[in-house]
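Numbers restart at 1 for each chain; the letters A, B, ... are given by sequence-line order, proteins then strands.
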Amino acid sequence: MNINQYLLSIFQDSLKKINISSDIDIQFDIPRNKEHGDLSTNLAMKLSKELKRSPQDIAQNIVASLNYDKTYIDRIDIAGGFINIKFSQQYYIQQLTNIIAQKKNYGRSNKYSGKSVNVEYVSANPTGLLHLGHGRNAAIGDTLANLYDWTGWKVTREYYFNNAGNQMNNLTKSIYSRYMQILKDENFPFPEDGYHGEYVKTIAEELIKIHKSNLAEGSKNDLAIIKKFGEEWCFDKIKHTLSRMKIKQDVFYNEDSLYKDGKIDTLLNDLESKGLSYKKDGAVWLKFSQLGLENDRVIVKSTGEPTYRLPDIAYHKEKLLRGDDLVVDIFGADHIATIPDVLAGVRAIGLDNNRIKVIIHQFVTLMENGEQVKMSKRTGKSYTLDELLDDVGEDVVRFFLIMRGVNTHLEFDLSLAREQSDKNPVFYLQYAHARICSIFDKLAMQTIDSSKVDLSLLVEQNEINLIKQLILFPEILLSAMQKSEPHIVCEYLREVAAAFHIFYHDCRIIGTEEKLMNARLILSNATKVVLYNGLSILGVTSPQKM
RNA sequence: GCGCCGGUAGCUCAGCUGGAUAGAGCAUCAGCCUUCUAAGCUGAGGGCCACUGGUUCGAAUCCAGUCCGGCGUGCCA
């Protein structure tokens, strides 16, 4: 039974009975102060103005004609203008049984079943290694995809890449230069905007192992070999890093296929025939000014190469035509400018851009001993995601990268992350899980059959508080998904862990009277289920021991 | 200049579809282990919610303006 729906229906009945017809939205909130009950509504205060009566008066009227099931609702009373609702112990026990019954599926909902979503994230070109920014993108994208999955969506995880453009040529030239520097002449010129990272030297060294000096001439064919080698090398590393992050994407979409399949040409023709493009200074311009934007922009350069806008629009067209109900992009704040262009472009060719949802996340700054660690693309000095994973571990990385709202700048505190101690927030959650496992370990039990246990023995405030936390889980996942804010799950799990630690501290399990022990074991097991499921959504492991 | 994001405790951040006394972690201080993991628990101090005005019975939350910080504003992606 869904308690919110039930409450909604009895309140609507009550309003009908006392002849208040209003399309007012009835909302139930969890009061900050626990003494105010488990849920409260400000309905009476909202109606006050419309009805020109005092909130207290209206509230009394509503409550007097409320007809509710006393087995689940203990009482409903009035405080100021608020109507406060308190659930019965039996309600909590029934919910607890439900958690145990659903186990690994507890938290899943079917609210969005039948809908499908494509989530595109990471999408780094194979021109280098993943760094911290990609890490945040990856963690947010993957966690969101998990949240879509848990709320009923059919999910496709996608990675979009370009192995053909300027950037790739630049990498090729950079590798070639390092190759020549090692083999022939240490002063061999390095491309002006080349990739300075150490990894380029590594690629060159590995290239030499295989091809010796056979590529020294730098012919078109030689460069093609270098390009392919570089691309594969980078992709291997990227995929390896992602697998460490527990990320596996379903589709790797190559931008080049947009050209090969003629989708770019089709789009160009389409735009031209609609009179939305024109030639000027040897370039093709798109009339964004007719699409509600400020300025027209170049979509094909005078060199004949398209700018990023054209393939981006074609790619989104392609994704929309696949028929998913929702197409989600995860972008860093530096990509903000492309979004209006793509949306306008897609709308221009008659597609519904409301199906595109763009999540923008702000940057990550790496802090060490209270100082910012500077990164530089120019000198190649950077801290790669792989190095970070080596340094602090997979669980810490995944957790730290989503524990803040996507709109906030994320300060990644290396010193804190490295610390294997109580200061580190991930361990707080994992520790709660490990503690529960150790109880069952001690008793040499795997789990416990709830059907034979009298859960009505759970009457302590700390026990009820813990149950209250646990039953929020499905709603939390829905809310995190709807708001596209994975950090909501982090906050929630911290509260679950806190409620458990308090319970654990105050309520002994082993050594108490057997019936009570069994009831508490059920509660512990339910906590374990929530922690495990929640952490797995975040891509974090739940250790048995710590 | 314009656009997007942010400004809440010493630090890092929740809270932002308006509600009751503004929260958490870290840091500081004071307590709790002969019984299930002290990576835990209990308590204390710490706030002009950037500023000004407006809307409202009620504003950290909504609106307008101002100030500060980040990102963007390419025939780069």
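Spacing between B/C63 and B/G25 at atom C1', rounded to whole Å, works out to 34 Å. For B/C68 and B/A50, the C1' atoms lie 8 Å apart once the distance is rounded to whole Å. Taking atom C1' on both B/U21 and B/G47, the two are 14 Å apart, rounded to the nearest angstrom. Comparing B/C67 with B/C51, their C1' atoms are spaced 7 Å from each other, to the whole Å. Comparing B/C48 with B/C2, their C1' atoms sit 32 Å apart, to the nearest whole Å. The gap from the C1' atom of B/G58 to that of B/C32 amounts to 43 Å, rounded to the nearest Å. Across the C1' atoms, B/G45 and B/U55 are found 37 Å apart, a figure rounded to whole Å. Between B/A27 and B/G72, the distance separating the two C1' atoms is 36 Å to the nearest Å.
At B/C41, one or more side-chain N or O atoms of A/Y428 fall inside 4.0 Å of OP1 or OP2 (strictly under the cut-off). Taking side-chain N and O atoms only, A/K423 has a distance below 4.0 Å to OP1 or OP2 of B/A27. A sub-4.0 Å separation between OP1 or OP2 of B/C76 and a side-chain N or O of A/K301 is present. For A/R297, a side-chain nitrogen or oxygen approaches OP1 or OP2 of B/G74 to under 4.0 Å. Regarding contacts with the backbone of B/A14, every side-chain N or O of A/R494 stays at 4.0 angstrom or more from both OP1 and OP2. In this model, the phosphate group of B/A14 is approached by a side-chain N or O of A/T408 to a distance below 4.0 Å at OP1 or OP2.
Using a 30° and 60° split on the angle between ring planes, A/F331 and A/H335 fall in the parallel class, below 30°. Aromatic ring pairs are classed by plane angle as parallel below 30°, tilted from 30° to 60° and perpendicular above 60°; the pair A/F473 and A/Y492 is parallel. The aromatic rings of A/H433 and A/Y532 lie tilted to each other, with the angle between the two planes from 30° to 60°.
When rounded to the nearest whole Å, the span between CD of A/E419 and P of B/C26 equals 11 Å. Atom-to-atom, CG of A/N462 to P of B/C36 comes out at 19 Å; the value is rounded to the nearest Å.
With B/A77, B/C13, B/G3 as the choices, the nucleotide that has an atom nearest any side-chain atom of A/E411 turns out to be B/C13. Listed candidates were B/A20, B/A39, B/G72. Nearest to the side chain of A/F427 is B/A39. Of the candidate nucleotides B/C75, B/G19, B/A39, B/A39 has the atom nearest to the side chain of A/D422.
Residues passing the side chain to side chain contact (heavy atoms under 4.5 Å, CB included) test with A/N162, sequence neighbours excluded: A/N125, A/A164, A/E255.
The partner of B/A50 is B/U66, judged by Watson-Crick or G-U wobble contacts that both fall below 3.5 Å. Nucleotide B/C26 forms a Watson-Crick or G-U wobble pair with B/G10, both donor-acceptor distances falling under 3.5 Å. For B/G72, the paired nucleotide is B/C2, the pair qualifying as Watson-Crick or G-U wobble because both relevant distances are below 3.5 Å.
Looking at heavy-atom distances under 4.0 Å, A/A283 makes contact with a base. The residue A/N42 sits close to a base: some heavy atom pair falls under 4.0 Å. Contact annotation for A/H36: base contact, defined as any heavy-atom pair under 4.0 Å involving a base atom. A/M45 comes within 4.0 angstrom of a nucleotide base, judged by non-hydrogen atoms across all strands. Looking at heavy-atom distances under 4.0 Å, A/I509 makes contact with a base. Contact annotation for A/D25: no contact, since no heavy-atom pair falls under 4.0 Å across all strands.
In this pair, A/H487 does not lay its aromatic ring on the base of B/A14; centres under 5.5 Å and planes under 30 degrees do not both hold.
Among A/H487, A/Q482, A/K483, the one residue that satisfies the side-chain hydrogen bond (donor to acceptor under 3.5 Å, both in side chains) test with A/E485 is A/H487.
Glycosidic conformation at B/C33 (O4'-C1'-N9-C4 for purines, O4'-C1'-N1-C2 for pyrimidines): syn, within 90° of 0.
For the atom pair A/D329 CG and A/Y160 OH, the distance stands at 10.5 Å (nearest 0.5 Å).
Mapping A/T41 and A/E491 onto RNA chain B by nearest heavy atom places A/E491 closer to the 5' end of the strand. A residue-by-residue look at A/F503 and A/R32 shows that A/R32 has its nearest nucleotide of RNA chain B further toward the 5' end.
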